[in-house]
Amino acid sequence: MRPGPASACLEARDLVIEVPGRPDGRALDLRLAAGQRWGVLGPNGVGKTTLLHTLAGLRAPRRGEVRLDGRPLASLRRREAARRLGLVFQERHDDFPATVRETALIGRHPYLSPWRLEGVEDLRLAEAALARLDIAHLAERRVDTLSGGERQRLAIATVLTQAPAIWLADEPTNHLDLHHQAAVMELLAEQAGAGHAVLMCLHDLNLAARWCDHLLLLYPDGEACWGPAEVMLVPEALERLYGQRLATARIDGAPVFVPAR
Ligand SMILES: Nc1ncnc2c1ncn2[C@@H]1O[C@H](COP(=O)(O)OP(=O)(O)OP(=O)(O)O)[C@@H](O)[C@H]1O
């Protein structure tokens, strides 16, 4: 039987990612479970994208393993993993002359048998995802004519069309204006609320503080710590993480951090 979204679970066991020239540091032993919203924080070059690629099975770890729904990810067929894992990545090769609608429909490919075209239900899911990301009016447009923020929303709409149990998102708010940043964070929270699991790399501490319930902090020396967000959002730990002094306040019950001058 195929596990439903409620049982979605991605585990890192004794996991050391491969960052060239860096010592192993602390191995990751963590479990991304249904309903959780994890944020991965750390300075440039610390390995956030590498971690996401490793969790998605696109890069081999230096040590340890990734398990999807209790099974080693490396033992699963690509297609099987693609039905469970949705990836919003930073680098895109979407200069191919496809339309926005055709691109969103790529999200259905893991479910289609070879040579079968998308059906009415696939199209309905794609249209709904484009509408949810405010790009339904661009459905006929070629992807290579989109703005940066429109492309980002299309990448998220494509994963929404895919309807994965687990979302792995690399800076999902990249290129987005303030309203769309909040809308995308709300969408990801909604996905978690529906029993999916979400892990996202973020540069914006305040989005993380407001929308994530768990955080993983990656330090440049390979050290790492993780846990519930309220435990991890300690100004001193964050200042050490970024090498930046912070001023802190509380607004609407959530901590807010700005760089101190
Ligand atoms: N193929 C490679 N060869 C050598 N070094 C690499 C390679 N790929 C990545 N790196 C290095 O590995 C480190 C981690 O890169 P990664 O993209 O995972 O960082 P990141 O935390 O996502 O950074 P950013 O916040 O800047 O997006 C960086 O120092 C990067 O230069």
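For ligands, and for the atoms within them, numbers begin at 1 and follow the listed sequence. Predicted, not measured: the structure shown is a model, and the values here were computed from it.
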Q: Does a side-chain N-to-carboxylate-O contact under 4.0 Å join Arg13 and Asp29?
A: no
Q: Would you kindly confirm whether Leu85 and Leu125 end up in one hydrophobic cluster when ILVMFWY residues are joined by side chain heavy atoms under 4.5 Å apart?
A: no
Q: Short check: is a protein heavy atom less than 4.0 Å from atom 9 (C) of ligand 1?
A: no
Q: Just going by heavy-atom distances, which of Gly47, Pro220, Gly45 is nearest to atom 29 (O) of ligand 1?
A: Gly45
Q: Under 4.0 Å and counting heavy atoms only, is there anything from the protein next to atom 31 (O) of ligand 1?
A: no
Q: Report the member of Leu41, Thr50, Val40 with the shortest heavy-atom distance to atom 18 (O) of ligand 1.
A: Thr50
Q: Are Tyr242 and Val256 co-members of a hydrophobic cluster defined by side-chain heavy atoms under 4.5 Å apart?
A: no
Q: How long is the gap from CD on Gln90 to CD on Glu171, to the nearest 0.5 Å?
A: 4.0 Å
Q: Using distance alone, determine whether Arg59 and ligand 1 share an N or O pair under 3.5 Å.
A: no
Q: Using a strict 4.0 Å threshold on nitrogen-to-oxygen distance, state whether Arg210 and Asp252 make a salt bridge.
A: yes
Q: Looking only at distances, can you tell me whether any N or O atom of Val19, backbone or side chain, sits closer than 3.5 Å to an N or O atom of ligand 1?
A: no
Q: Salt-bridge test for Arg71 and Glu80: reply yes if a basic N is under 4.0 Å from a carboxylate O, no otherwise.
A: yes
Q: Establish, yes or no, whether the cationic atom of Arg37 lies under 6.0 Å from the six-membered ring centre of Trp167 and within 45° of the ring axis.
A: no
Q: From atom 24 (P) of ligand 1, work out which of Ile17, Asn174, Asn44 has a heavy atom at the shortest distance.
A: Asn44
Q: Using the rule that Ile, Leu, Val, Met, Phe, Trp and Tyr join whenever any side-chain heavy atoms are under 4.5 Å apart, tell me whether Leu32 and Leu76 fall into a single cluster.
A: yes
Q: Can you figure out which of Gly21, Pro20, Gly42 has its heavy atom closest to atom 2 (C) of ligand 1?
A: Pro20
Q: Only heavy atoms of Lys48, strictly under 4.0 Å: list the atoms of ligand 1 that pass.
A: 18 (O), 19 (O), 20 (P), 21 (O), 22 (O), 23 (O), 24 (P), 25 (O)
Q: Could you check whether Arg101 pairs with Glu140 (Lys NZ or Arg NE/NH1/NH2 to Asp/Glu carboxylate O, under 4.0 Å)?
A: yes
Q: Pro43 heavy atoms, cut-off 4.0 Å: which ligand 1 atoms fall inside?
A: 21 (O)
Q: Need the ligand 1 atom indices (1-based, order shown) with element for anything under 4.0 Å from a heavy-atom of Glu171.
A: 27 (O)
Q: How far is atom 17 (O) of ligand 1 from its nearest protein heavy atom, and which residue and atom is that?
A: Thr49 CB, 3.6 Å
Q: Could you tell me which atoms of ligand 1, counted from 1 in the order shown, lie closer than 4.0 angstrom to a heavy atom of His203?
A: 25 (O)
